[in-house]
Novice: 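Have a look at this one.
Basis for what follows: all heavy atoms, side chains included, without hydrogens, waters or symmetry-related copies. Position 1 is the first residue of the sequence; numbering continues from there.
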Amino acid sequence: MDPARAARLRRTLDSIINGKNPLIPNKNSLFIEAICSQNDRVSCLNSLIASKVGLDSVQAAMRFDLTPDFLNSSSAQLLKLKDIGSGSFLDAVIAKIVDPLIFWDAFRQAFTSGLLENSARIRFAWLLHHLVSLPIPQSTIYRTQATGVLDTLLASSENPIRTYGQKIKHILETCSVGTVVAGDPGPGGRHDNDFENFREIAILPTADEITSTKRPFYRHSATVEADDESTRFATHIDNQFRLLREDMLYEMKEELQIAFGKKRGYHRGMTLKQLVLQDPHFGRDTRRVTWGMTFKCSDDLPLLQWKKEKNRKKYLSENKNFFRHQSMGCLMVDEEIVAFPTLNRDEDLLAKKPPVIVLQIEGEAAVSRTLLRLKTGHNIKLIQIDAAVFAYEPILKSLQQMNTLQLSRELMLWSPKLSVDSLPLHRALEMLVDTLRYKPTTDIKHLIKTQRSIKLDKSQAASFLSGITQSVSLIQGPPGTGKSFIGSLIGKALHDFTQQTILVVCYTNHALDDILTGFLDIGIPESSIVRLGSKSTSRTEPLSLQKQKSTFKRGKAGWALMDTAKASAEIYCQDFEKRFKTYISSNISNKDMMEYLEFEQEKFYIAFKVPRASDGSIFVGKKGKAVDDFYLLREWGAGRGARIFRDHPFVQQAADVWSLPPRSRKEYMDSWTNAIYQEQIDGTYRIAAAYNTCQDKLTGYWAEKDTEILRSKRIIGCTTTAAAKYSDNIQAAEPNILLVEEAGEILESHVLTSLAPQTSQLILIGDHKYVLVMFTVLLSLNLSGLGNFVLRSISMNLPWKKRRDTILICPFLNASSSKAIRMLNSPSNIACVPKYLPLSEN
């Protein structure tokens, strides 16, 4: 570009984003050209976001001109910003461009009408893929629209467009509603938290759900495997979610039965009675948290009642398991279950005398029911539930947000006719592979660059080769056969001879520390490894995320996004506090009731509307008192007749209304009162949800430092729970390889949620002694599903490597693993599945 023009464009850009000159319609193309002409696009994006008017100017520039000429030139040029990668900055720009839908609707219409040129069609395909990849509910409208253009994308003569089309198709298939066998009762309608689309199900149960006696919905694994290939991913993820969630509910129900005395056992939690609702809770002004409600206890907490005021806070700080943070409770009003909140452990409030507790409630149905019952009820009680919900919740949330399933061909569509994909190898790795294939027992010390001699036997060599050459590999063997060592060796080879990032997940912290120690012992430097999670050994403690040095610096754009989120959160916070106080302190007036009836119950509104005399005279009732606008409503509500209006035509026409008995009238009045309260609650909940969305954004922004550390490492180690908890950070680090230790103990849902969009290789290493199935529910209820990839992979005849020619069998069934798995899916063959399914050598 001519230097003089580049300088003018730079001055134009600076004058607009610095607020000196507003963007006008005839300058929009120059503004976009100025953005795209910058050599450092990341810095330019930073400046746009940091500016108070930068993003608004981008939004306006994309809306001033919606002609095909503009869409093919300037707009397509701006959408080249995709080349800078991904992240919160790009998300912020795209959100401004497509919301509201003015530009997007015009862009989509131009594509469907064939008015876009090749480069613009590619930008459209990329943008649509970006939009359908967003989490629910942001992506809902775009996924619906994508179905209308998918065939056009897939039929394109341009390879990039077809590639995006295939990615979009995979997302739509993965996010579709699971298939139900014809004739079987499908999902939805059992209670207020049972939906056809599992992504709409609240993770924590509602009161209606926990007391429901109807059998929950599941599919047999045979049903999933027989499903059409186009919907099998969606059906499988749906089933995994429902099965894992029911396991969580089982623990909760069992604990509640003990607490209510319906089952023998010891209830380990506390029961707090006569709680008093106080205020909404958002944390301190300097550190906001997810919204909640505060309740004052009528009595002191047992372990605090004899402690002096100055020692109460100290005790709480030193005993974190007392009234544990994020533990669960059962909230009851007038002995009726209304919600299952989590405890936000605010030590300053707990240390008060009497203590004040903070309860957080998720889900629209649960919040609505709670607020309604708190308004109309009296006796508030909380029962602590000692169930490990924290171990389930991140996995379940990750399943709901899954929109792709990597390695789906191998994991879901495998058949013996297919072959496992071979991976491209580095030249040095090729030499190692060729050497072991020619002579498996060769000392590979110099090839793998270790300090000590390494000689493998044939089965070890075969396991190692499958781990570094196949897209999916399963390594199995009894204790002492070197599985963990093979895992360390595979990690060493992939670390030294590739540039790929490895995500290592284990079921327990102990196993994670073992394999990370193995990596260190074999020569992988500490600087290449990071460990997520708080528990560690002295050897792996230096690997923890908290111990890593960071060079991360938040720029102006980053602070601008945070300031925007904070400002929005404060607005929502203040609005919610006003609405909440008004709702709690107010009562439904006759005016409120008549306004509701005017819009929602016209028949009753007409029956209660006091007429006005045409001559201006006033109607008077008993003792000559003037009749007001609510006279008829009061008389009807009190069970009386229309009195002075009983002969009026409008009353006689509403005879069915006035003939209702007092009990029916009370039921109507109660239902209208609840409906009006519900309208207030709905508005209040929307504000609370918007506030929480801002807090989630802020949490993500604060986590950018951790993401930067993960991106700088070659090996990320964590438990399966941590993998789900830190899923956003891990996915931002773009791991290419997933290595699973203790694969036989890990539920399949945990492995699914550990697969990142960039994962191209999966290595499963497991013990043959037992496989964790973890279903504590009766198969006589027709519940079935495979616990993990180890069992299902073998049942699918997926090629796998075993140590010393062992065969997996179920001793008590006396059948090979494949047959045993099929038997487990038939309720007629077995009554229930134990937590640990023992397996042994034949």
Novice: Could you pull out the closest heavy-atom pair between N193 and A202, with the gap in Å?
Specialist: OD1-N, 2.9 Å
Novice: Could E570 and R288 be called an ion pair, given the rule that one side-chain N must be under 4.0 Å from one carboxylate O?
Specialist: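 A salt bridge links E570 with R288.
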Novice: Any idea which heavy atoms bring A339 and A366 closest together, and the distance?
Specialist: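 Heavy atoms only, the tightest pair is CB-O, 4.4 Å.
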Novice: Quick check, are the ring centers of Y677 and Y583 under 6.0 angstrom apart?
Specialist: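 Y677 vs Y583: aromatic centres under 6.0 Å.
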Novice: Where is the tightest heavy-atom contact between A391 and P394, given as atom of each residue plus distance?
Specialist: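 Closest pair (atom of A391, atom of P394, distance): C-CD, 4.4 Å.
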Novice: Would the number of heavy atoms belonging to other residues, nucleotides or ligands and lying under 6.0 Å from OH of Y668 be above 12?
Specialist: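 Count not over threshold, so no.
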Novice: Would you say that D628 contacts V610 through its side chain, given a criterion of any heavy-atom pair below 4.5 Å between the two side chains?
Specialist: no
Novice: When rounded to the nearest 0.5 angstrom, what is the spacing between OH in Y685 and CD1 in I361?
Specialist: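 If we round to the nearest 0.5 Å, Y685:OH and I361:CD1 are 11.0 Å apart.
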Novice: Please round to the nearest 0.5 Å and tell me the distance separating atom CE of M593 and atom CE of M669.
Specialist: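 Going from CE on M593 over to CE on M669, the span is 4.0 Å.
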Novice: Just how far is it from atom CG of D208 to atom NE2 of H191, taken to the nearest 0.5 Å?
Specialist: 7.0 Å
Novice: For the aromatic rings, using the six-membered ring if either is Trp, is the centroid distance between F233 and H170 under 6.0 Å?
Specialist: yes
Novice: Of all the heavy-atom pairs spanning D194 and P187, show the shortest one and how long it is.
Specialist: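 Taking D194 first and P187 second, the nearest heavy atoms are OD2-C, 4.0 Å.
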Novice: Do the side chain of S139 and the main chain of L134 share a donor and acceptor less than 3.5 angstrom apart?
Specialist: yes
Novice: Any side-chain to backbone donor/acceptor pair from H281 onto G292? Under 3.5 Å, distance only.
Specialist: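 Not a single qualifying donor-acceptor pair exists.
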Novice: With heavy-atom distances below 4.5 Å as the criterion, would you say the side chains of T290 and N344 are in contact?
Specialist: no
Novice: Measuring from C297:SG to I380:CD1, what's the distance to the nearest 0.5 Å?
Specialist: 11.5 Å
Novice: Is it the case that E251 and Y392 place a side-chain donor and acceptor less than 3.5 Å from each other?
Specialist: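 Y392 and E251 do have a side-chain donor-acceptor pair below 3.5 Å.
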Novice: Donor-acceptor pair, R143 side chain versus V132 backbone, under 3.5 Å?
Specialist: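 At least one qualifying donor-acceptor pair exists.
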Novice: Using ring pair (Phe, Tyr, Trp, His ring centres under 6.0 Å) as the criterion, point out the one residue from F630, W672, Y605 that pairs with W636.
Specialist: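 Result for ring pair (Phe, Tyr, Trp, His ring centres under 6.0 Å) with W636: W672.
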Novice: Given side chains that start at C-beta, do those of L272 and F323 come closer than 4.5 Å, heavy atoms only?
Specialist: yes
Novice: For Q400 and I203, what are the C-alpha separation, side-chain angles and deciding distance, and is it a side chain to side chain contact (heavy atoms under 4.5 Å, CB included)?
Specialist: CA-CA 9 Å; Q400 285 185 320; I203 301 296; 3.4 Å; yes
Novice: Check whether any side-chain heavy atom of Q384 lies under 4.5 Å from a side-chain heavy atom of S327, and answer yes or no.
Specialist: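 They are in side-chain contact.
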Novice: Can you tell me if N729 and T707 form a side-chain donor-acceptor pair at under 3.5 Å?
Specialist: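 Present: a donor and an acceptor within the cut-off.
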Novice: Is there a side-chain contact between L55 and I49, using heavy atoms and a 4.5 Å cut-off?
Specialist: yes
Novice: A quick test of your reading: do over 12 heavy atoms of other residues, nucleotides or ligands sit less than 6.0 Å from NZ of K253?
Specialist: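 Counting neighbours around NZ of K253, more than 12 heavy atoms of other residues, nucleotides or ligands fall under 6.0 Å, so yes.
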Novice: For residues Q678 and N674, is any side-chain donor paired with an opposing acceptor at under 3.5 Å?
Specialist: no
Novice: How long is the gap from CD1 on I337 to CZ on F260, to the nearest 0.5 Å?
Specialist: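 That separation rounds to 4.0 Å.
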Novice: Would you confirm whether D334, through its side chain, and E336, through its main-chain N or O, come within 3.5 Å as a donor-acceptor pair?
Specialist: no
Novice: Count the heavy atoms of every other residue, nucleotide or ligand shown that sit under 6.0 Å from OH of Y572, and state whether that count exceeds 12.
Specialist: no
Novice: Give the intermediate values and the outcome of side chain to side chain contact (heavy atoms under 4.5 Å, CB included) for residues T684 and V367.
Specialist: CA-CA 10 Å; T684 304; V367 171; over 6 Å; no
Novice: Where do E600 and E679 come nearest, in terms of heavy atoms and distance?
Specialist: OE2-OE2, 4.4 Å
Novice: Are the side chains of N590 and Y631 in touch, meaning some heavy atoms are under 4.5 Å apart?
Specialist: no
Novice: Report yes if some heavy atom in the side chain of I676 is under 4.5 Å from a heavy atom in the side chain of E595; otherwise report no.
Specialist: no
Novice: If you count the non-hydrogen atoms of other residues, nucleotides and ligands that lie under 6.0 Å from NZ in K352, is the total more than 12?
Specialist: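 Atom NZ in K352 is not packed in, count stays at 12 or less.
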Novice: Which heavy atom in F340 sits nearest to a heavy atom in M252, and how many Å separate them?
Specialist: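 Smallest interatomic distance, heavy atoms only, reads CD2-CE, 3.7 Å.
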Novice: Any salt bridge between R369 and D192, counting N to O under 4.0 Å?
Specialist: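 No, R369 and D192 are not salt-bridged.
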Novice: Which class fits the ring pair F241 and F198: parallel under 30°, tilted 30 to 60°, perpendicular over 60°?
Specialist: tilted
Novice: Indicate, with yes or no, if the rings of F576 and Y691 have centres closer together than 6.0 Å.
Specialist: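 For F576 and Y691, the ring centres are not under 6.0 Å apart.
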Novice: Donor-acceptor check, side chain of R579 to backbone of Q680, threshold 3.5 angstrom: yes or no?
Specialist: no
Novice: Side chain to side chain donor-acceptor pair (under 3.5 Å) for S589 and D592? Distances and angles first, verdict last.
Specialist: CA-CA 5 Å; S589 66; D592 296 329; 3.0 Å; yes
Novice: Is atom NZ of K381 surrounded by more than 12 heavy atoms (other residues, nucleotides or ligands) closer than 6.0 Å?
Specialist: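 Counting neighbours around NZ of K381, more than 12 heavy atoms of other residues, nucleotides or ligands fall under 6.0 Å, so yes.
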Novice: Test side chain to side chain contact (heavy atoms under 4.5 Å, CB included) on N403 and S133; report intermediate values, then the result.
Specialist: CA-CA 7 Å; N403 55 35; S133 300; 4.3 Å; yes
Novice: Just how far is it from atom CD1 of I383 to atom CD of E255, taken to the nearest 0.5 Å?
Specialist: 10.0 Å
Novice: Per the salt bridge (charged side-chain N to carboxylate O under 4.0 Å, His left out) rule, which among K591, R634, R612 passes with D629?
Specialist: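 Testing each of K591, R634, R612 against D629, the sole residue satisfying salt bridge (charged side-chain N to carboxylate O under 4.0 Å, His left out) is R612.
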Novice: Output yes when a side-chain donor or acceptor of T147 lies under 3.5 Å from a complementary backbone atom of T144, and no otherwise.
Specialist: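 Indeed, once roles are kept as given, a pair shorter than 3.5 Å links the two residues.
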Novice: Ignoring hydrogens and geometry beyond distance, is a side-chain donor-acceptor pair present between T376 and R373 at under 3.5 Å?
Specialist: yes
Novice: Ignoring hydrogens and geometry beyond distance, is a side-chain donor-acceptor pair present between D238 and T235 at under 3.5 Å?
Specialist: no
Novice: Does the K296 side chain pair with the main chain of L277, one donor and one acceptor, at a distance under 3.5 Å?
Specialist: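 No.
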Novice: Salt bridge or not for R686 and D682, using N-O below 4.0 Å?
Specialist: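 Result for this pair is no, no salt bridge flagged.
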Novice: Hey, mind stepping through R108 and L128 against side chain to side chain contact (heavy atoms under 4.5 Å, CB included) and telling me if it holds?
Specialist: CA-CA 9 Å; R108 180 170 56 86; L128 180 58; over 6 Å; no
Novice: If the threshold is 4.0 Å, N to carboxylate O, is there a salt bridge linking E209 and R190?
Specialist: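 No, E209 and R190 are not salt-bridged.
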Novice: Does Q145 CD have over 12 foreign heavy atoms under 6.0 Å away?
Specialist: yes
